[in-house]
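To start, the structure itself, in structure tokens.
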Amino acid sequence: MKKRILCILCITLALFALAYEKNGKVSLKSGAYILQNAQRDVPGDFTITIYDDGTFQSYETPISSYIGMGSYIIKGDVVTLKEDGAGCTGDINRYRIVDGHLLFLRDGSANYSFVPLEDGAAFMWASDVP
């Protein structure tokens with residue numbers, strides 16, 4: 001009887017731990033995220049590409065040759081992109097991860113040159129990494 005109760009208790013604890021981990025962590029799907037519904041004076045899609053290895057690339061517009069690249073970290077539901085790749089500015093931009101979207105956080109972000117973003121500007125997942 002004691003073994004049975006102990007077994008049930010262990011299974012229950014394992015299920016609670018799995019449920020907490022699944023609901024307590026926010027994940028970020030790798031792939032291309034495209035800016036949605038933003039007013040801009042430049043052509044093309046503003047795209048952020050997230051890679052599984054902890055790196056990213058950002059591309060504001062085809063009229064600029066600058067491609068931001070670097071590393072990212074996720075803390076809670078916020079992803080921080082740091083342009084620390086070779087030849088990059090070192091700028092940091094932050095986004096809240098909400099239902100698979102990236103919502104720009106103006107506070108604590110350097111913002112962008114060609115397409116300055118408003119707080120809450122949404123990037124929607126569009127495709128897997130090529």
Side-chain angles (χ1 to χ4, degrees):
M1 183 70 166
K2 287 183 181 180
K3 285 185 180 181
R4 185 176 221 184
I5 292 173
L6 183 60
C7 184
I8 291 171
L9 181 60
C10 287
I11 291 171
T12 303
L13 288 174
L15 290 173
F16 277 124
L18 286 172
Y20 175 77
E21 183 175 325
K22 184 176 180 182
N23 294 324
K25 290 176 93 177
V26 174
S27 63
L28 183 61
K29 184 176 180 178
S30 65
Y33 291 78
I34 296 176
L35 179 62
Q36 304 295 303
N37 304 323
Q39 296 293 331
R40 55 185 182 263
D41 298 326
V42 295
D45 289 329
F46 186 158
T47 305
I48 297 172
T49 304
I50 300 293
Y51 299 97
D52 284 332
D53 66 356
T55 63
F56 76 95
Q57 284 188 345
S58 62
Y59 185 66
E60 292 179 68
T61 175
I63 65 171
S64 169
S65 62
Y66 183 76
I67 298 174
M69 61 184 84
S71 58
Y72 68 87
I73 58 169
I74 300 171
K75 286 188 180 177
D77 63 348
V78 174
V79 61
T80 301
L81 308 181
K82 183 174 183 184
E83 293 185 15
D84 55 6
C88 290
T89 62
D91 285 350
I92 293 174
N93 288 291
R94 302 170 59 238
Y95 297 83
R96 185 166 315 283
I97 305 166
V98 178
D99 296 328
H101 295 66
L102 300 178
L103 304 180
F104 183 68
L105 297 172
R106 192 171 193 163
D107 187 37
S109 292
N111 216 324
Y112 297 90
S113 301
F114 288 97
V115 185
L117 300 175
E118 295 295 324
D119 194 50
F123 285 77
M124 190 171 177
W125 186 89
S127 66
D128 286 323
V129 176

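These numbers come from a predicted model, not from an experiment.
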Intermediate values then yes/no, side-chain contact (heavy atoms from CB on, under 4.5 Å), Leu117 and Phe123: CA-CA 11 Å; Leu117 300 175; Phe123 285 77; 3.7 Å; yes
Closest non-hydrogen atom pair between [X] and [Y], with its separation:
{"X": "Ser58", "Y": "Glu83", "answer": "OG-OE2, 3.9 Å"}
{"X": "Ser27", "Y": "Ile97", "answer": "O-CG2, 3.8 Å"}
{"X": "Asp107", "Y": "Arg94", "answer": "O-NH1, 2.7 Å"}
{"X": "Asp99", "Y": "His101", "answer": "O-ND1, 3.0 Å"}
{"X": "Asp128", "Y": "Ser30", "answer": "OD1-O, 4.5 Å"}
{"X": "Asp91", "Y": "Asn111", "answer": "OD2-O, 4.3 Å"}

What distance separates [X] [atom1] from [Y] [atom2], expressed to the nearest 0.5 Å?
{"X": "Tyr59", "Y": "Ile67", "atom1": "OH", "atom2": "CD1", "result": "6.5 Å"}
{"X": "Tyr72", "Y": "Asn93", "atom1": "OH", "atom2": "CG", "result": "16.0 Å"}
{"X": "Met69", "Y": "Asp84", "atom1": "CE", "atom2": "CG", "result": "11.0 Å"}
{"X": "Ile34", "Y": "Trp125", "atom1": "CD1", "atom2": "CH2", "result": "10.5 Å"}

Please say yes or no: joined through hydrophobic side-chain contacts below 4.5 Å, possibly via intermediate residues, are [X] and [Y] part of one cluster?
{"X": "Ile92", "Y": "Val79", "value": "no"}
{"X": "Tyr33", "Y": "Leu35", "value": "yes"}
{"X": "Phe46", "Y": "Phe114", "value": "yes"}

Whether Tyr112 and Phe104 hold their rings parallel, tilted or perpendicular, with breakpoints at 30° and 60°: tilted
Arg96 side chain to Leu105 backbone, donor-acceptor under 3.5 Å: no
Main-chain N/O of Gln57 paired with Tyr51 side-chain donor or acceptor, under 3.5 Å: no
Residues, nucleotides or ligands: over 12 heavy atoms within 6.0 Å of Asp119 CG: yes
pair Cys88-Tyr66: side-chain heavy atoms closer than 4.5 Å: yes
Heavy-atom side-chain proximity of Leu102 to Leu28 below 4.5 angstrom: yes
Residue pair Thr47, Asp45: steps toward the side-chain hydrogen bond (donor to acceptor under 3.5 Å, both in side chains) verdict: CA-CA 6 Å; Thr47 305; Asp45 289 329; 5.4 Å; no
